[in-house]
2 protein chains.
Amino acid sequence: MANLRKAPTMLDVARAAGVSPMTVSRAFKPGAMVNDQTRARILAAADELGYVFDSTASSLRSQKTDFVAVTIPSLNNANFADTVGALTEGLKPRGLQILLGYTNYDIIEEERLIAQFMRRKPQAVIVTGGQHTPRTRDLLRNAAIPIIETWDLPQDPLGHVVGFSNAQAVQAMVDHFVSCGMTRIAFIGGDADRDTRGLDRRRGFMAAMQRHGLDDTRLIAAGPPPISMREGADSMCQLLDNAPDTQAVICVSDLSAFGALSACQRRGVAVPGQISIAGFGNYEVGDICVPSITTIDPSPRRIGELSAELLSAALDGRLTEPVCHEISPRILLRESSV
Amino acid sequence: MANLRKAPTMLDVARAAGVSPMTVSRAFKPGAMVNDQTRARILAAADELGYVFDSTASSLRSQKTDFVAVTIPSLNNANFADTVGALTEGLKPRGLQILLGYTNYDIIEEERLIAQFMRRKPQAVIVTGGQHTPRTRDLLRNAAIPIIETWDLPQDPLGHVVGFSNAQAVQAMVDHFVSCGMTRIAFIGGDADRDTRGLDRRRGFMAAMQRHGLDDTRLIAAGPPPISMREGADSMCQLLDNAPDTQAVICVSDLSAFGALSACQRRGVAVPGQISIAGFGNYEVGDICVPSITTIDPSPRRIGELSAELLSAALDGRLTEPVCHEISPRILLRESSV
DNA sequence: CCTGTGTATGTTAACGTTATCATATAAGTC
DNA sequence: GACTTATATGATAACGTTAACATACACAGG
């Protein structure tokens with residue numbers, strides 16, 4: 001079954017089609033100047049021989065890999081998956097292929113990944129978040145390729161940015177609850193050093209509470225990321241035990257919010273009657289569950305689309321200055337809050 | 001910021017360290033024979049110059065890319081993400097890098113992806129499912145590299161297999177419900193040609209119902225994949241309207257099962273009092289929600305781990321024959337079924 | 001002292017493609 | 001009919017690395 005003779009190269013195809021290797025090369029490059037009939041003859045010969053174009057050799061010679069390196073904190077997260085999905089669609093027309101890696105919310109692991117990716121000579125790099133190790137920053141800066149940081153508004157950007165302020169988004173949610181007359185509001189998650197977006201969200205919560213002159217110490221630690229439903233449920237149990245008079249709780253994500261909701265249901269705590277719940281991320285579960293969960297929609301697909309557009313512009317040299325594209329997350333009020 | 005002079009190569013590092021390029025090459029290859037001090041000197045020089053190893057050139061010369069191409073139906077699916085996660089971990093020690101692509105449950109798109117991936121000369125290919133276009137099969141067979149098909153037990157495997165029978169798994173669930181005395185059982189999803197695993201699950205349902213001499217026509221179409229919570233909820237509404245005497249419903253996945261559960265809750269239908277619900281995949285939502293959802297656990301991470309082990313063996317030449325590793329999905333009985 | 005063995009390094013050419021330049025023919029301009 | 005312009009193809013060398021082979025030296029055993 002496996003073909004034992006050496007795989008055919010352009011030279012073999014060229015001989016079979018009676019042309020030079022250069023013409024074969026052109027035949028495989030869309031838009032190159034080749035006679036239509038010649039091209040057809042070449043492609044037929046290639047097909048006949050079972051020839052497969054060798055991107056490795058092409059990349060080496062042309063110094064264009066058509067790779068875009070992308071890192072996300074976790075593969076198993078619908079938000080980041082949505083961003084990557086939109087990014088993939090957006091880059092497909094340009095023939096760019098994504099090298100996807102996940103960091104496990106760890107900037108040391110991110111450094112390892114980026115170092116590995118840079119060896120593949122990607123034509124651009126898209127990372128999640130704005131916090132990186134010094135070596136990661138060096139590697140990216142020295143590469144002289146477009147860099148995009150997403151899902152955040154970094155203090156000192158490496159290049160372009162497509163993101164939003166996680167802190168500000170949560171502050172808006174606090175404002176909403178306060179405007180509903182609530183004063184005893186808690187926050188679940190955002191306690192782990194590694195999850196910088198989680199930290200920002202909790203910081204936003206605390207800042208807003210302080211601004212309103214309210215108690216900002218109803219913080220429930222959910223442990224190291226990824227924070228998912230189980231952690232949300234456990235945290236809610238803790239909250240109900242330690243601060244039963246809490247009127248509303250904001251969770252670091254919809255997943256933990258759903259876990260929190262489930263914990264309430266198991267304990268017979270009425271949502272939103274007794275306590276209001278809000279999440280972050282507009283995950284499907286929060287839209288479907290009963291009651292549906294109030295959330296903040298950061299438009300993950302939009303982030304991917306905008307990043308793809310930005311990258312296209314940058315690769316075409318249409319960008320002279322670093323661009324910062326700020327997204328405005330929207331609050332979606334649903335059944336879990338009064 | 002961007003370094004404008006040409007990026008340094010091994011030759012530059014060699015000059016700086018006072019050795020030949022070949023010694024630099026060896027210094028970057030773990031396990032190669034280089035004097036420890038020489039290596040240290042070389043790595044220091046490389047660091048000083050900002051040298052980044054060029055995998056493209058290395059791959060071309062050595063004919064080893066250290067790429068493994070992997071295709072899954074959807075990025076945004078915790079089951080496949082788990083498999084890919086375990087796969088990544090398992091392949092990391094070997095220095096293999098995953099080229100990940102998703103097919104949108106479409107074998108035409110799979111063909112496009114595989115064709116694109118083969119140009120990168122991966123050292124192995126792992127695909128989801130056992131159904132492929134003829135051209136995909138040709139491309140994979142002719143590549144003379146290890147192939148693994150997962151999440152299925154193909155009729156005519158391309159190479160190795162790590163999977164299970166989706167039909168059989170659902171049959172076991174039907175058997176369970178029947179053993180509980182139920183006779184009016186429905187199935188949601190598995191109607192779309194594109195989702196072959198969904199089709200198999202529905203086929204398994206029908207086969208089991210026939211075997212028990214029961215009505216196998218309580219089938220609710222959920223439309224094209226991906227079938228998620230929304231589709232599950234809509235389908236449940238249809239079921240409750242058209243066959244209100246149904247005693248149990250098996251859903252093509254936990255996501256649709258959760259949607260179905262939510263629909264019941266909105267309509268005031270007691271689960272499992274009035275109707276039992278079962279899903280497939282052991283997604284976290286089914287474990288956390290109230291009531292928790294009876295499901296079938298296909299061990300997605302195990303599939304990834306086994307695939308990684310199989311690949312290691314195959315790449316070491318320790319495998320002479322194609323291997324078929326069958327997983328045994330387990331039924332997890334939970335609160336949503338009597 | 002010779003030979004064998006292991007360690008450490010160097011030399012040469014090649015992996016398969018394409019950038020670059022050169023060439024050839026056809027078609028349009030005045 | 002000489003002169004530009006466009007179209008189509010070929011020849012040559014190079015991208016940055018490493019496989020394969022060669023070399024040099026140290027040290028062991030006889």
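Within every chain, numbering begins at 1; the chains are lettered A, B, ... in the order of the sequence lines, protein sequences first and strands thereafter.
- Checking B/A57 against B/M33, the closest nucleotide of DNA chain C that is more toward the 5' end is the one next to B/M33.
- One atom, CZ of A/F53, and another, P of C/dT17, lie 7 Å apart when rounded to the nearest Å.
- Note: CZ (B/R61) to C1' (C/dC15) measures 6 Å, nearest angstrom.
- An OP1 or OP2 oxygen of D/dT18 is reached within less than 4.0 angstrom by no side-chain nitrogen or oxygen of B/S62.
- With respect to the salt-bridge test (charged N to carboxylate O, under 4.0 angstrom), the residues B/R137 and B/D156 qualify.
- Residue-level contact check: B/F28 touches neither bases nor backbone, having no heavy atom under 4.0 Å from any strand.
- At C/dA19, one or more side-chain N or O atoms of A/K29 fall inside 4.0 Å of OP1 or OP2 (strictly under the cut-off).
- A sub-4.0 Å separation between OP1 or OP2 of C/dT9 and a side-chain N or O of B/S20 is absent.
- Checked by distance alone, B/R26 brings a side-chain donor or acceptor within 3.5 Å of a matching partner on the base of C/dG10.
- Protein atom CE of A/M10 is 14 Å distant from nucleotide atom C1' of C/dC15, rounded to whole Å.
- Residue A/N35 has its side chain nearest to D/dT9 when only C/dC15, D/dC15, D/dT9 are considered.
- Under a 4.0 Å N-O distance rule, the pair B/D82/B/R302 does not qualify as a salt bridge.
- With the nearest nucleotide of DNA chain C identified for both B/R41 and B/L60, B/R41 has the one nearer the 5' end.
- Looking only at atom types and distance, the side chain of B/T136 has a donor-acceptor partner in the side chain of B/T133 under 3.5 Å away.
- Counting only heavy atoms from C-beta on, B/V19 has its side chain closest to C/dG10 among C/dG16, C/dG10, C/dC15.
- Note on A/Q63: a side-chain N or O is less than 4.0 Å away from OP1 or OP2 of D/dG16.
- Contact check on B/R94 versus B/E309 returns no salt bridge, with no Lys/Arg side-chain nitrogen under 4.0 Å from an Asp/Glu carboxylate oxygen.
- For the OP1/OP2 pair of C/dT17 and a distance below 4.0 Å, the side-chain nitrogens and oxygens of A/S25 include no atom meeting the criterion.
- Listed pair A/T23 / D/dT9 fails the phosphate criterion, with no side-chain N or O lying under 4.0 Å from OP1 or OP2.
- Across all strands, A/T38 comes closer than 4.0 Å only to sugar-phosphate atoms, never to a base (heavy-atom distances).
- Closest to the side chain of A/T9, out of C/dT18, D/dG16, C/dG16, is C/dG16.
- Of all nucleotides listed (C/dT11, D/dT9, C/dT18), C/dT18 comes nearest to the side chain of A/M22.
- If you take CD of A/Q37 and P of D/dT9, they are 10 Å apart, rounded to a whole angstrom.
- Closest to the side chain of A/D54, from the set C/dT17, C/dT9, D/dG16, is C/dT17.
- Ring pair B/F53/B/F28 is tilted by interplanar angle, where 30° to 60° counts as tilted.
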